[in-house]
*Asks:* 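My questions all concern the structure below.
One-based numbering, in listed order, for ligands and for the atoms of each. These figures come from a predicted structure and were not determined experimentally.
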Amino acid sequence: MAYERVARLTELPAGRGLCVRAGGLEIGLYRVGERVYAMANACPHAGYPLHEGELEDRVIYCAGHGWPYDVETGHPPDAVGGEPLPRYPVDVRDGDVWIDVASPLD
Ligand code: FES
């Protein structure tokens with residue numbers, strides 16, 4: 001485990017993501033209620049940065065062409081099979097957001 005501090009919790013905007021860099025990767029952070037999710041930031045369709053999309057509950061809608069991704073599963077909400085977007089463990093300590101890009105979630 002190699003957690004890196006990447007943001008303050010208060011920096012995460014409502015209804016959008018926050019782009020951070022960790023371990024040479026660009027990651028989108030999303031706050032949904034009391035939870036924070038970290039997911040690879042490039043949209044698989046044409047590479048738009050997903051954090052610029054609109055977040056509704058756990059679904060981020062890409063600003064490019066509207067493809068939706070569940071930030072917890074990494075899949076489109078109605079997907080059957082396929083590879084999810086990489087997601088990473090998140091820890092919030094004393095108002096700081098830490099992520100571990102060396103240990104992607106399954
Ligand atoms: S680049 Fe994301 S939907 Fe097209």
*Asks:* For E54, does the CD atom have more than 12 heavy-atom neighbours from other residues, nucleotides or ligands under 6.0 Å away?
*Replies:* no
*Asks:* Should the pair R93 and Y3 be classed as cation-pi, given the thresholds of under 6.0 Å to the six-membered ring centre and 45° from the axis?
*Replies:* yes
*Asks:* Should you measure from each heavy atom of Y48, which atoms of ligand 1 turn up under 4.0 Å away?
*Replies:* 1 (S)
*Asks:* For atom 4 (Fe) of ligand 1, find the closest N/O/S atom belonging to H45 and write down its atom name.
*Replies:* ND1
*Asks:* How are the rings of H65 and Y48 set relative to one another: parallel (under 30°), tilted (30 to 60°) or perpendicular (over 60°)?
*Replies:* perpendicular
*Asks:* Taking everything shown except D57 itself, do over 12 heavy atoms lie less than 6.0 Å from its CG?
*Replies:* no
*Asks:* Which atoms of ligand 1 have any heavy atom of C43 under 4.0 Å away?
*Replies:* 1 (S), 2 (Fe), 3 (S)
*Asks:* Write down the atom of V6, the atom of L29, and the distance for their closest heavy-atom approach.
*Replies:* CG2-CD1, 3.9 Å
*Asks:* Using a strict 4.0 Å cut-off to heavy atoms of W67, name the atoms of ligand 1 that fall inside it.
*Replies:* 3 (S)
*Asks:* With a heavy-atom distance limit of 4.0 Å, tell me whether C62 approaches ligand 1 through its side chain, its backbone, both, or neither.
*Replies:* side chain
*Asks:* Measure from atom 4 (Fe) of ligand 1 to every N/O/S atom of H65 and report the name of the nearest one.
*Replies:* ND1
